[in-house]
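The structure under discussion appears below in the form of C-alpha cells.
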There are 2 protein chains.
Amino acid sequence: MLSNSSKYAIKGVLYLALNSDEDHKVMVRDMHGVVHVPEAYLAKLLQELSRHGVISSTRGPRGGFFLSKEDRKRSLMDIVKVIDGEKRVKSCVLGVKDCDTDQPCVLHKLVGANKSKFIKVLENTTILDLIEGKRDVEEFFPV
Amino acid sequence: MLSNSSKYAIKGVLYLALNSDEDHKVMVRDMHGVVHVPEAYLAKLLQELSRHGVISSTRGPRGGFFLSKEDRKRSLMDIVKVIDGEKRVKSCVLGVKDCDTDQPCVLHKLVGANKSKFIKVLENTTILDLIEGKRDVEEFFPV
DNA sequence: AGATTAAAAGACATTTTTATCCTTTTTATG
DNA sequence: CATAAAAAGGATAAAAATGTCTTTTAATCT
Ligand code: FES
Ligand code: FES
C-alpha cells in the first residue's frame, strides 16, 4: 500500500499539525518518540518534505519543523508523492505500469474501483481534514 | 499494494492456469518471456509456491510446473500469503500492526472499507474465477 | 561579534527485496 | 541402466529501502 517511509512521514506531519505552528516549532528530538519513528530517519524524511515545500522549517535556536496555514491545506498525496513517488501507489495490481482503465489487467474490474477510490482519498484529504477538532490524539500514531 | 514478487507469482500462476494441466506441464524457460519475469527469479517463486502446495510440479523429462484441478481452486490470497505474508497486505495504512477496527487509526474510516474490500477480493477470487472462458489472453501479463 | 542551537546535507551502514548462477537431486524414457 | 531433462537448493550479487552518523549552514541569543 504505502511504504514505511510514507507512513512515517504522514505521522510526522500529523504530529506537526497537532503540535506546531509558526511560532511553536518542533524539534525532531521532541517528536520521534510519540510517532514511533527513529529520530534520525524521521529527521531525514521531514527534511525531504521541507525541501519540497510540503512542510516548513527554520534552523537555529527556537527553530524546528512546523506547518504553516498553507501547509495544512496539503493533501496526503502531496506527502506520498515526495516520499514514494506517485508511480508506486498508482501502479497496476499486476504490473509496474500505471493502472490503466483503457488497458485493464484481468484484476482491474475486481479492484480498480477500490484502487482509484483509495487514491482519491489520498488526493482529496488534507491535513486539516484529519485533525480538525482534535488535539494530542495518540491514536494518530500507531506503531 | 503487493510486492513485485507477488505480482510476478500471480502472473506466473495465471499463465499455468491458461497453459498447463496434469499432462501438459510447463517449463519456466517457456513462460518467463510471456509473463515478463526474469527466468531464474520466476523459477524461485514457483518453487516456493510448489513447496507450499499452492501449485504443482514434477522434475525430470517432460516435467515442469502445472496446476491441478485442486490448485485452480486456490485464491489469490493463497499466493500472496506465501510470497509476501498476510501481514504485509493487512497492515494498517499508518502502521505496521494489522489494520484494526477496534483501534482504528485516523485514516481508517476513510480507507478501511476499501482495504477490507481489496483483501476480500484476494481471498474470494480463485484462479478459476479469473480465467474461466479465456485462453491465451496476453492482457493477463502486463509489464 | 561570538557562542550556541537546530535543521540541512551528505556520507556511511544495515536490511530487505530483487535477481543470477551453479550444483544437486529427481525422474521419464530410450 | 544410462542419459538427459527438469525442478530444487544454495551461494552470491545487485539494487532499493531503511537507518545512523558527522559535518555544514543558518538563525538566535548573549
Ligand atoms: S490495470 Fe491492473 S489494476 Fe488497473
Ligand atoms: S487501523 Fe489504520 S487503516 Fe485500519
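By convention in this document, chain letters (A, B, ...) are assigned in the order of the sequence lines, proteins followed by strands, and residues within each chain are numbered from 1.
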Atom [atom1] of [X] to atom [atom2] of [N]: distance rounded to whole Å?
X: Asp30(A); N: dA6(C); atom1: CG; atom2: C1'; value: 11 Å
X: His36(B); N: dT18(C); atom1: NE2; atom2: P; value: 18 Å
X: Asn4(B); N: dA19(C); atom1: CG; atom2: P; value: 6 Å
X: Arg51(A); N: dA9(C); atom1: CZ; atom2: P; value: 6 Å
X: Lys44(A); N: dA6(C); atom1: NZ; atom2: C1'; value: 18 Å
X: Leu42(B); N: dC21(C); atom1: CG; atom2: P; value: 15 Å
X: Ile83(B); N: dT18(C); atom1: CD1; atom2: P; value: 10 Å
X: Glu48(B); N: dT17(C); atom1: CD; atom2: C1'; value: 14 Å

Just to be sure I understand the rule, does [X] reach a base, reach only the sugar-phosphate, or reach nothing, if contact means heavy atoms closer than 4.0 Å?
X: Phe66(B); answer: nothing
X: Gly63(B); answer: sugar-phosphate
X: Val26(B); answer: sugar-phosphate

Quiz item: Hey, which of these two, Pro38(A) or Arg62(A), hits DNA chain D nearer its 5' end, going by closest nucleotide?
Solution: Pro38(A)
Self-check item: Listed partners of Tyr41(B) passing ring-ring contact (aromatic ring centres under 6.0 Å, His included), at least two apart
Solution: Tyr8(B)
Practice problem: Could you tell me whether Lys11(A) sits above the aromatic face of Phe141(A), with NZ or CZ closer than 6.0 angstrom to the six-membered ring centre and within 45 degrees of the axis? | Solution: no
Quiz item: Hey, are Glu139(A) and Lys109(B) close enough for a salt bridge, meaning a charged N less than 4.0 Å from a carboxylate O?
Solution: no
Self-check item: Heavy-atom neighbours of Lys97(A) NZ exceed 12 at 6.0 Å
Solution: yes
Practice problem: Among Leu122(A), Ile79(A), Asp84(A), Val89(A), find the residue that satisfies the side-chain contact (heavy atoms from CB on, under 4.5 Å) test when tested with Ser6(A). | Solution: Asp84(A)
Choosing from [options], which nucleotide comes nearest the side chain of [X]?
X: Pro61(B); options: dA8(C), dT17(C), dA28(C); answer: dA28(C)
X: Tyr41(B); options: dA8(C), dA19(C), dG10(C); answer: dA19(C)
X: Met27(A); options: dA6(C), dA8(C), dC21(C); answer: dA6(C)

Practice problem: Return the 5'-most residue of the pair Thr58(A), Ser5(B) with respect to DNA chain C, ranking by each residue's nearest nucleotide. | Solution: Thr58(A)
Quiz item: Does Leu14(A) reach the side chain of Leu94(B), with side-chain heavy atoms less than 4.5 Å apart?
Solution: yes
Quiz item: Less than 4.5 Å apart, any side-chain heavy atom of Val80(B) and any of Arg88(B)?
Solution: no
Practice problem: Identify the 5'-most and 3'-most nucleotides of DNA chain D with at least one atom closer than 4.0 Å to a non-hydrogen atom of chain A. | Solution: dA17(D) to dC29(D)
